[in-house]
Peer 1: 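I have a structure I would like to understand better, so I am pasting it below and will then ask my questions one at a time.
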Amino acid sequence: MNALAATSRNFRNAARILGLDAKIEKSLLIPFREIKVECTIPKDDGSLVSYVGFRVQHDNARGPMKGGIRYHPEVDPDEVNALAQLMTWKTAVADIPYGGAKGGIGCTPRELSKSELERLTRVFTQKIHDLIGTHTDVPAPDMGTNAQTMAWILDEYSKFHGHSPAVVTGKPIDLGGSLGREAATGRGVVFGTEALLAEYGKSVKDLTFVIQGFGNVGSWAARLIHERGGKVIAVSDITGAIKNPNGIDITELIKHKESTGSLLNFGGGDNMDPNELLVHECDVLIPSALGGVLNRENASSVKAKFIVEAANHPTDPEADEILSKKGVIILPDIYANAGGVTVSYFEWVQNIQGFMWDEEKVNNELQRYMTRAFHNIKNMCKTHECNLRMGAFTLGVNRVARATVLRGWEA
Ligand SMILES: NC(=O)C1=CN([C@@H]2O[C@H](COP(=O)(O)OP(=O)(O)OC[C@H]3O[C@@H](n4cnc5c(N)ncnc54)[C@H](O)[C@@H]3O)[C@@H](O)[C@H]2O)C=CC1
Ligand SMILES: O=C(O)CCC(=O)C(=O)O
């Protein structure tokens, strides 16, 4: 199912559970603003190439719109729209004072040189600079982008508006980035997993984990699980997949990937078929790459007891139903990966205050926010007799709807 149809279906289910007014339901489904821009840049060889960039600003009832920018060949308007909507519910679940947005450029960043990426990012920023801002819409990294991308956006934006560190988060520490932001999404995934497992009297150190994606989110989640004594028994990325039933030494794997550019042929494991990864025997499956990877084709073969959605919308609604019937417990994306945007909020606060926190404070506050949100979701599950996804959606949608009503409808 298309990402936008899937996200909207979850939203509508939550609206029905909450008994939301039809007028509010309709208004919350329609994005505040959709931006589509042409970005033409000279390649290093002098030829010209054109890309399409998007920024969808979904909702700002609770505060400035917030969300990452993705560079990936599959970026399209519907997907960006779905991801922007998810950000609105996610920031509300985390109870941080933001709305939701998302952006992206349809490109293959691995095939562009650093200078081509810089030109593309600067042209994109020139096209959208009037529509983003510290108190309007604050971008951050997502798939295919990183702290360097944010530094270019900050620099280009500042040419038009003066030095503006809080216009982006996830930037380098030297430019006002927050300690702990790079690891934050993976760390939040682990805090969320710990909160979930505690409900079942289990802990990370007793369980086996399979992780799809070994970029920012997947590699940090793997590293922190490994540090806690959890056994990561299979990992994949775009280059392939590896497994070791006794547990992969993640510290060594990170070194191997840094030196070879690939997970494959790692001495401490065997190469495996990446198609087998999601259905590999394990306690906890953590999809940390693309959307829609769990679908009606593979859901019935999944063997994990828990799925922690580190990626955005990795499970489509058909798979959700199949997995639920099998008794698989799913920690939903709008909670599980909210650690990134939560520390982005801490970064924005630090920039506005002009005061830097130490890393211990960032990590402690992140744990406090993730634990609080988990208990808020559990309360919604109890009130509405629903699963964790609907618990999270009803929590987020209810907070956004309340803010919308309080702001009023007068023109
Ligand atoms: N970076 C962040 O702070 C946040 C990211 N997310 C979500 O987490 C997911 C991953 O994002 P990042 O780690 O930031 O991206 P990234 O670009 O750092 O890493 C993506 C990883 O996915 C792998 N990958 C791509 N296609 C794959 C495939 N077909 N099979 C297996 N692996 C594949 C890549 O090789 C890479 O290891 C995305 O869904 C993103 O929206 C969610 C919240 C915050
Ligand atoms: O840190 C942020 O502002 C947003 C991160 C993001 O794009 C996400 O949570 O999906």
Side-chain angles (χ1 to χ4, degrees), residues 32 35 55 57-70 84 87-88 90-103 118 121-122 124-126 128-142 145-188 191 216-217 220 337-370 372-373 403:
F32 171 83
I35 305 158
R55 184 78 180 164
Q57 299 173 330
H58 176 256
D59 192 88
N60 61 1
R62 300 182 72 258
M65 294 170 283
K66 187 84 188 82
I69 292 187
R70 176 177 288 200
M87 287 307 306
T88 300
K90 189 185 302 183
T91 53
V93 165
D95 209 5
I96 53 179
Y98 287 137
K102 200 83 170 199
E118 176 172 353
T121 304
R122 288 186 185 278
F124 183 54
T125 310
Q126 287 160 19
I128 66 167
H129 75 89
D130 267 339
L131 300 168
I132 60 172
T134 302
H135 297 288
T136 333
D137 177 5
V138 182
D142 190 75
T145 58
N146 55 27
Q148 177 62 76
T149 324
M150 296 307 114
W152 292 326
I153 297 178
L154 161 57
D155 185 65
E156 198 60 29
Y157 179 89
S158 297
K159 288 178 190 166
F160 295 93
H161 302 274
H163 183 57
S164 314
V167 71
V168 284
T169 59
K171 46 192 180 284
I173 308 291
D174 287 331
L175 290 175
S178 178
L179 295 167
R181 173 59 185 91
E182 198 203 303
T185 309
R187 193 177 295 280
F191 287 149
N216 172 282
V217 179
W220 272 105
N337 68 34
V341 74
T342 301
V343 175
S344 276
Y345 165 55
F346 300 158
E347 179 173 328
W348 182 78
V349 167
Q350 291 170 71
N351 294 153
I352 289 170
Q353 291 187 331
F355 183 80
M356 196 167 172
W357 300 3
D358 64 32
E359 193 166 350
E360 195 183 348
K361 173 165 171 155
V362 171
N363 293 343
N364 288 342
E365 283 297 299
L366 173 60
Q367 184 162 27
R368 191 168 73 79
Y369 273 66
M370 290 301 293
R372 179 184 70 181

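Position 1 is the first residue of the sequence; numbering continues from there.
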Peer 1: Is Arg181 paired with Glu347 through a side-chain N to carboxylate O contact shorter than 4.0 Å?
Peer 2: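 The answer is no: the pair does not qualify as a salt bridge.
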Peer 1: Return the minimal non-hydrogen interatomic distance between Pro139 and Ile132, and the atom names on each side.
Peer 2: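 That would be CG-CD1, 4.2 Å.
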Peer 1: Assess the residue pair Asn146 and Asn216 against the criterion (side-chain contact (heavy atoms from CB on, under 4.5 Å)); give the C-alpha distance rounded to whole Å, side-chain angles, the decisive distance to 0.1 Å, and a yes or no.
Peer 2: CA-CA 9 Å; Asn146 55 27; Asn216 172 282; over 6 Å; no
Peer 1: Taking all atoms of both residues into account, what is the closest heavy-atom pair of Val362 and Val343, and its distance?
Peer 2: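 The answer is CG1-CG1, 3.7 Å.
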Peer 1: Checking Trp152 side chain against Thr125 main chain: does a donor-acceptor pair fall under 3.5 Å?
Peer 2: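 The answer is no, because no donor-acceptor pair under 3.5 Å joins these two groups.
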Peer 1: Nearest 0.5 angstrom please: Arg368 CZ to Asn364 CG, how far?
Peer 2: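 Between Arg368 CZ and Asn364 CG, I get 10.0 Å after rounding to 0.5 Å.
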Peer 1: Closer than 3.5 angstrom, by distance alone: can the side chain of Asn337 be matched with the main-chain N or O of Gly340 as a donor-acceptor pair?
Peer 2: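 No, the answer is negative, given that no donor and acceptor are paired below the 3.5 Å cut-off.
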Peer 1: If only atom types and distance count, is the side chain of Asn363 paired as donor or acceptor with the main-chain N or O of Gly180 below 3.5 Å?
Peer 2: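 Between the backbone of Gly180 and the side chain of Asn363 there is no qualifying donor-acceptor contact (under 3.5 Å).
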Peer 1: Calculate, to the nearest 0.5 Å, the distance between atoms CH2 and OG1 belonging to Trp220 and Thr185 respectively.
Peer 2: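 So the gap between those two atoms works out to 11.5 Å.
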Peer 1: Within a strict 4.5 Å, meaning less than it, do heavy atoms of the Phe346 and Ile96 side chains meet?
Peer 2: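 No, side chains not in contact.
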Peer 1: Any side-chain heavy atom of His58 within less than 4.5 Å of one from Met65?
Peer 2: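 Answer no - side chains too far apart.
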Peer 1: Do Arg55 and Leu131 have side chains that get closer than 4.5 Å, going by heavy atoms?
Peer 2: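 They are not in side-chain contact.
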Peer 1: Short question: side chain of Lys66, backbone of Val138 - any donor-acceptor pair under 3.5 Å?
Peer 2: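 A pair under 3.5 Å: yes.
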Peer 1: Do the side chains of Ser344 and Tyr98 get nearer than 4.5 Å, heavy atoms only?
Peer 2: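 The answer is no; the side chains never approach within 4.5 Å.
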Peer 1: So how far is it from Thr88 OG1 to Gln57 CD, rounded to the nearest 0.5 Å?
Peer 2: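 The OG1 atom of Thr88 sits 10.5 Å away from the CD atom of Gln57.
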Peer 1: Measuring only between side-chain heavy atoms, which start at C-beta, is Leu175 closer than 4.5 Å to Pro165?
Peer 2: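 Answer no - side chains too far apart.
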Peer 1: Would you sort out whether Gln126 and Glu156 count as a side-chain contact (heavy atoms from CB on, under 4.5 Å), showing the intermediate values?
Peer 2: CA-CA 7 Å; Gln126 287 160 19; Glu156 198 60 29; 3.0 Å; yes
Peer 1: Would you say the side-chain atoms of Gln350 pair up with the backbone N or O of Trp357, donor to acceptor, closer than 3.5 Å?
Peer 2: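 Present.
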Peer 1: Do side-chain atoms of Asp358 reach the backbone of Lys361 as a donor and acceptor pair under 3.5 angstrom?
Peer 2: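 Yes: the side chain of Asp358 pairs with the backbone of Lys361.
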Peer 1: Distance-only, no hydrogens or angles: does the Ser158 side chain make a donor-acceptor pair with backbone N or O of Ser164 under 3.5 Å?
Peer 2: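 Yes, Ser158 side chain to Ser164 backbone: donor-acceptor pair under 3.5 Å.
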Peer 1: Donor-acceptor pair, distance only, cut-off 3.5 Å: does the side chain of Thr145 make one with the backbone of Ile69?
Peer 2: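 Yes: the side chain of Thr145 pairs with the backbone of Ile69.
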Peer 1: Using modelled atom types only, decide if a donor and an acceptor are shared between the side chain of Arg62 and the backbone of Ala403 within a distance under 3.5 Å.
Peer 2: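 Here the side-chain-to-backbone pair does not exist.
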Peer 1: side-chain contact (heavy atoms from CB on, under 4.5 Å), that's the test. Do Asp95 and Tyr369 meet it? Break it down for me.
Peer 2: CA-CA 8 Å; Asp95 209 5; Tyr369 273 66; 5.8 Å; no
Peer 1: From Asp155 CG over to Met150 CE, what is the distance, rounded to the nearest 0.5 angstrom?
Peer 2: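 Reported to 0.5 Å precision, the distance equals 13.5 Å.
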Peer 1: Looking at every heavy atom in both Ala338 and Lys90, which two are closest together, and how far apart are they?
Peer 2: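 Here Ala338 and Lys90 meet closest at CB-CG, 3.8 Å.
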Peer 1: To the nearest 0.5 Å, what is the distance between CG on Asn60 and CZ on Phe32?
Peer 2: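 Answer for the CG-CZ pair, Asn60 versus Phe32, is 5.0 Å.
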Peer 1: Could you go through Asn351 and Lys171, starting from their C-alpha distance and side-chain angles, then the distance that decides it, and tell me whether this counts as side-chain contact (heavy atoms from CB on, under 4.5 Å)?
Peer 2: CA-CA 11 Å; Asn351 294 153; Lys171 46 192 180 284; 2.6 Å; yes
Peer 1: Between atom OG1 of Thr169 and atom OH of Tyr345, what is the distance when rounded to the nearest 0.5 Å?
Peer 2: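 Result: 13.0 Å between the selected atoms.
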Peer 1: Check for a donor-acceptor pair, side chain of Thr91 on one end and backbone N or O of Gly99 on the other, with a separation under 3.5 Å.
Peer 2: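 Indeed, once roles are kept as given, a pair shorter than 3.5 Å links the two residues.
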